[in-house]
Structures are given as structure tokens and as C-alpha cells.
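To start, the structure itself, in C-alpha cells.
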Protein chains: 2
Amino acid sequence: MSPQTRRATQADVARLAGVSQTTVSMVLTGTGAAQRRVSDAVRERVLRAIEVTGYAANPAAQRLAGGRTSIVGVYTYESVFPTSASDFYHPFLEGVENEAERTGVDLLMFTSMSAGTGRRLVSSGGVGRLRLADGCVLLGRHSYPEDLAELLRQDFPFAFVGRREAPGGAVPWAGAAYAPATEQVTDHLLALGHRRIVLINEFTGHESIEDRAKGYRVAMARAGLQPVSLDEPDLTSGELLDNLRTAGVTAAVVSSDLAAPLRRAALARGLSVPGDLSIARLGDPETVETEDVDWTGFLIPRREMGAEALRVVLRQLTPLDGDDNLQARIPCTFVPGSTVSAQAADAPAITGKA
Amino acid sequence: MSPQTRRATQADVARLAGVSQTTVSMVLTGTGAAQRRVSDAVRERVLRAIEVTGYAANPAAQRLAGGRTSIVGVYTYESVFPTSASDFYHPFLEGVENEAERTGVDLLMFTSMSAGTGRRLVSSGGVGRLRLADGCVLLGRHSYPEDLAELLRQDFPFAFVGRREAPGGAVPWAGAAYAPATEQVTDHLLALGHRRIVLINEFTGHESIEDRAKGYRVAMARAGLQPVSLDEPDLTSGELLDNLRTAGVTAAVVSSDLAAPLRRAALARGLSVPGDLSIARLGDPETVETEDVDWTGFLIPRREMGAEALRVVLRQLTPLDGDDNLQARIPCTFVPGSTVSAQAADAPAITGKA
DNA sequence: CTGAAAGCGCTTACAG
DNA sequence: CTGAAAGCGCTTACAG
């Protein structure tokens, strides 16, 4: 309607309200003490002028002048929407988006720096692009120590979804509390009478794997038992199973990706799960499962991890309250399931060879 | 390593290269003629200095100074990741993201302005926030004429996914070519010998509904037949079916959401589809289907629509080439299916009451 | 071919 | 309680 096609600026508002542009800014974003310095009468006039002009802040200018934009970057190390990758990213992003909506921040999704494989944030000028945002949530399957170190060095607020470590400082993250969850699962087996309980973990140096091992060891130690680990990465599930039987193992605590293969190997050898071998799973896998098994174990709180990661970023932006914990562990949910059963205390279920 | 924690600016680069800051800017983004004005020797020095300093442009400053950020906003009228809504938004967003990755733009997802229902872009200061981006892709189930009119008025580059109209100018969009697709489906039924073909459409004023009706009328007119429409919105599928039978209809061309109910009603009355009634579907519904029916009809090219919408935005940013079409119709894919069969020319399939 | 200068629209000391 | 001024890091006329 109005012929004016240019967007209103603070200067326009100021002119209409008969005050200085500084005052308009103060009314809008004056921090703490500053905000209070405007008289009610003036504030009223400014507010009215804002309404009349339809003024809305220019985020680029805000950002450049050192203010906040309420934009948080989301950097994923692969693209998100193609269905292949979405199994992994999706639950996390649901959490991030929910929390973003709740707290009123917009999400800047970085997808442009792919350049094929080994896509790195630092080298591709990505860190620079991030600066449009107040902070950034990072999301990827692996570890990216150089990226994280660079972010730390630049003192840029960020959080990784999942525990990560990097040289040069404490990485902020929101991860699953794998240690207590694994401890609980192991305790559950112990309470069922199992004594020969083995941990079967992946053989990466990944932080989350270490956490699971720790929880297992704690539970075993408290029960006065010797932790047993089968760290031969090259074993097939079948060979692994044979080793378990030789060792008289009655229960296995297994990382999420290895549980199904182990169960299949057991069934293939005519064994019953949980009759002959109890299997508990340490986390639900990211891919949709083909078999319909009612696993005993715990669920990874992916949505909560995403939401908390955003909160960890936000916490760095307003370090007002006492809550300055930048490494958040989210509890996992224990699921009773039916791949585990009771075991007479001293009777090894698996004896000799078949 | 280096103690410097501040990010490098063009001024830093300039100092190191022994040139002016203007020259650095020219090397990086000089448009056309300007770019050419820098001598090779100087360009070399600047480029080297950029590498040494690890300079990356500050997008906020770029944007404020009137430059491009290679950021395109994506405004969805509902949240995206919660699974409830993702059925609708997902395929479109896949297309947008793919194209963004291909063309090297980042996506700014606007999620913050929900404010419950009736969430509008204009009133919530959303248009202002958009200005961080070079342009914007809009995505929603309904029509939002006020928002679109405001965007047009402000001359802000955007594109809607799906055909839309608004007062104040031509809305840029990327939509499905419903008219020719519906025409093709109708022709298919005509070729099979059907003469009494009815169009069953939703009763909204939605643009895409109009397109379908147009395609149907064109095909019928060419065959010298009278188009038949049953525009009684309050009819149940069963009553609708009874009307069809009374009218001696042998084939129905049905919008995506009404096809399944109509088929169920037919089966419930002991009729065979396609034996007694052929049903062709105008588009695949957005929700996952419960019944496994091999529908005859066409598929909505949702991913391509998303990708093209981004391209429509980009086209407005660089109107160099001759391709200035801002209303793109993407062809739909015809699917033969098995809910349609041949019909003897003059023998009405449905006669009398059951 | 190169540079000094204005300006984009904000925030934040610094004066009154 | 309020305002004039500097500055954030760029782009783009405008001079040389």
C-alpha cells in the first residue's frame, strides 16, 4: 500500500518517535542496566513507532555490530535429507529443531562444503561461514579433532552431538551416558545369576566405546568378578561365538551393531537365545532393523542429545546462571526385553563342544 | 599455534600483501569488469596472503554491504523434523538440499516464528529475518497470499514450492504440471474405451485443483465428450459412488486423497475395481499408504519441485542468461498401474441397483 | 590498474 | 535519562 519499498531501519523509527537512533536500539536490545535507562514515556513512543513502521532488525547489521542474531548453525558432516544418511542424522536433528523452536532460534544448515569425501570444516572456510551464527551444533559419525581444535582456538561457541575430544581444550558436547547405562545392563545380568559375562565392543578408539567398557568394568568389579574382553577385531561372529562357548560364557553385553550378528550366529549353531546365551544390547542401532527382536538393553536418547547440544551452545552465549556445564550426559533408557534370562549361579550353560 | 585469536579480515590480508583493502575485495568478489582490473602480479600476492592468514569473508559484513552470502532461507509453515509433518515436507526438502549442495549455497531454516497456529511470516517479523539470506524458498500446505504479497512488494527473491497466487504481482514458484498430467490420465482412459469419465476433485479453491480440472476438461473436449463433475462437497464416498452408478459412469479420475476411499466404497458394495469401475489417481498422497494398491495415475515430482524452487530463487539473483522463467512446471510421471481396465465403448459397466 | 572514502544498519562505550 | 560518535567488515561508486 505505502509507496515505500525500502525496509524501515532504526533511524526511521527514531525519526518518527522523535528520539535518537541509539535510544531505539536501547529499547530493543539494551542489555541489563542499559535497558532500564529509557523512560517509560520514551519507550512507549518508540514501541509505537516500531509498530507503525513495521520495523524489524537487520540480522546482518546486528551480527556485524557484535550483537546476537538468534541463529545457530548446524553443521552436519554429510547431507541430511537424502534418505541414505537420514537414518543417522534424523533423530538428532528432530531434537535440535524442537529445541530451536522452543527457544526461538533459527537454524543455519551448512551443506555446501562437501567437496566429496573427507569434508572438513576448517579447511573449507567453513569456520568463517559459521560466524553468521551465534554458535553451532556439530553432528557427525566420526571424530574431527582438527575442526574442534580450531573452533576452540577461535573461541567460537559450539557443541558436538556425542562425546568428543580434541587437543587444545574441553570440547563442549551433549552425549549419551553410556557408562551408567552399560553398568545397569551388566547389573541386570548379574541379578539374573550370570557370572561369566563378557563385553563385546567395537574396536575403535571412539569415546563412546570407552564409556561402555568403563560401565561394564565397574559393575563386574563390584560383583567381584573378572572382566572379560575379547579383543580380536578380525573374528567373525561365528568364531566369536565359539570362543564364548569355550570360555563357558553365559551372557554377553554387546555393542549395538554387533548384537544382531552374534544372535544370528548363535541361532545358526542351534543355540537358543536367551536359553543358551543371554545377549544384552548396548544401544539401539541407527539403521532400521530387519529382524524383529525384542532386545534387552538400552536406547540411545538421540532426540534429547540434539536438544541438549543446542542448549549447550545457548549456555555459552548467556553464561548468566550457575549452570556452566558444557559436557552433558543424557541418561539412556533401559529396556527389559527378552534376549536375556535367568541363570543358575554356578551352572555354565554352555559346556564342551556341540 | 599462532597466538592470534582474532579472525583475519580483508584489512589484514591487504597489509600483508602490501595493497589496499579495496584491492583484496576486488580480487575476491569484483563483479565482471571490476574483477579484471587487478593485475596478475597483485592478484597472486593477495591470494597468497589470503592463504597465509586463513582469511574467510564475514558473511554478515558482506550482506550488510550489499553483497551476496550464498545463503538461501527455507521457510516452512510447520516444523520439519518431527515425524508428523515430515511426510509432507521431506521429499521437497530433499530436493532443496540436494540442489543447495550442488550449487554451493547454505540453507537457513526458519523455525522460530511458530507462535501456535496461523503462523505467518509477515506479522512475525519474519520477512526481516529473511534478509540475512539472498533469497528464500517457501513451503507449506496452504496458500498464504498476504505473505507472498509482502515479499513481492519488498522485491525480495523467493519461490514457493507449488503453484501459488497472490495480489500484487506474479508469484515465483516451482509446481507440478498437473494439467497435462491429468490430461494424459484422462486420455489413457479414453483410449481404453471409456466414455463416461467423471472428475472427482477436492472442493478447495487451491490452484493445483484448478489445474487438474483444466487438464480433464481439455481431454474430454477433444474427445467430444461432456465433462462431468460432482461438486457436492458433503457427499460421503458411498453416496458419491451411488451417484456414479446412477449416472452410468465407468471411470473416475480422482484427486489423490479421495481415490482410496472411493475404491473402498466400491469394494464394500461388492463392485470390482477396475472390473466394474476404473479409478485413476491424480498424484500420490503425501502420507504413507496403508493399503497396497497398484494405482493407475501419476506421481508428484516432489524432489524436483524442491530443487527447481531453489533454482528459481537463484535465477532471480543472477538474471544473466535468457532463462527468466519464474514459474516452473515440473512434469509428473505417469504410472500405468492396475486400477484401470478397458471398457467396451457403449456398454455402461454399472447398471441398475445391486 | 589501484586506492581513499562513503555507506550498509546495527551495538556499545563515552559524554552530557 | 538521552544523544553524538566510533566501529563492526565488507561492497561499490568515484577519483586518480
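Order of the sequence lines fixes the chain letters, A, B, ..., with proteins taken first and strands second; residue numbering starts at 1 for each chain. Every heavy atom of this structure was used, including side-chain atoms; hydrogens, water molecules and symmetry mates were not.
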Partners passing salt bridge (Lys or Arg N to Asp or Glu O under 4.0 Å) against [X] (at least two apart in sequence or in another chain):
{"X": "A/Arg63", "answer": "A/Asp134"}
{"X": "A/Arg15", "answer": "A/Asp12"}
{"X": "A/Arg102", "answer": "A/Glu99"}
{"X": "A/Arg163", "answer": "A/Glu165, A/Asp211"}

- request: Kindly state whether the ring of B/Tyr75 and the ring of B/Tyr77 have centres lying under 6.0 angstrom apart.
  value: yes

- prompt: Atom CG of A/Asp134 to atom C1' of C/dT11: distance rounded to whole Å?
  reply: 14 Å

query: To the nearest angstrom, how far is A/Leu28 atom CG from C/dC10 atom P?
result: 9 Å

statement: Among the nucleotides C/dG3, D/dG3, D/dC1, whichever has the atom closest to the side chain of A/Ser39 is D/dC1

message: Can you give me the dot-bracket string for DNA chain C, 5' to 3', counting Watson-Crick and G-U wobble pairs with both distances under 3.5 Å, using [ ] for crossing pairs and | for partners on another strand?
response: |||.||||||||.|||

side-chain contact (heavy atoms from CB on, under 4.5 Å) involving [X] - partner list, sequence neighbours excluded:
{"X": "B/Ala133", "result": "B/Ile71"}
{"X": "A/Leu16", "result": "A/Ala49, A/Val52, A/Thr53"}
{"X": "A/Val137", "result": "A/Val72, A/Val96, A/Val161, A/Ala309, A/Leu310, A/Val313"}

message: Tell me every residue that passes side chain to side chain donor-acceptor pair (under 3.5 Å) with A/Glu44, counting only those two or more places apart in sequence or in another chain.
response: none

- prompt: Does B/Ser20 have any side chain to side chain donor-acceptor pair (under 3.5 Å) partners at least two apart in sequence or in another chain, and if so, which?
  reply: B/Thr23

N/O to N/O distances under 3.5 Å, protein versus nucleotides 6-9 of chain D:
from  : atom 1 : to      : atom 2 : distance (Å)
D/dC8 : O2     : A/Leu64 : O      : 3.2
D/dC8 : O2     : A/Ala65 : N      : 3.4
D/dG9 : N2     : B/Ala61 : O      : 3.4

- request: Establish, with yes or no, whether the OP1 or OP2 oxygen of C/dT2 is under 4.0 angstrom from a side-chain nitrogen or oxygen of B/Thr23.
  value: no

Any protein N or O atoms within reach of nucleotides 13-16 of chain D? Criterion: under 3.5 Å, listing atom names and distances.
none

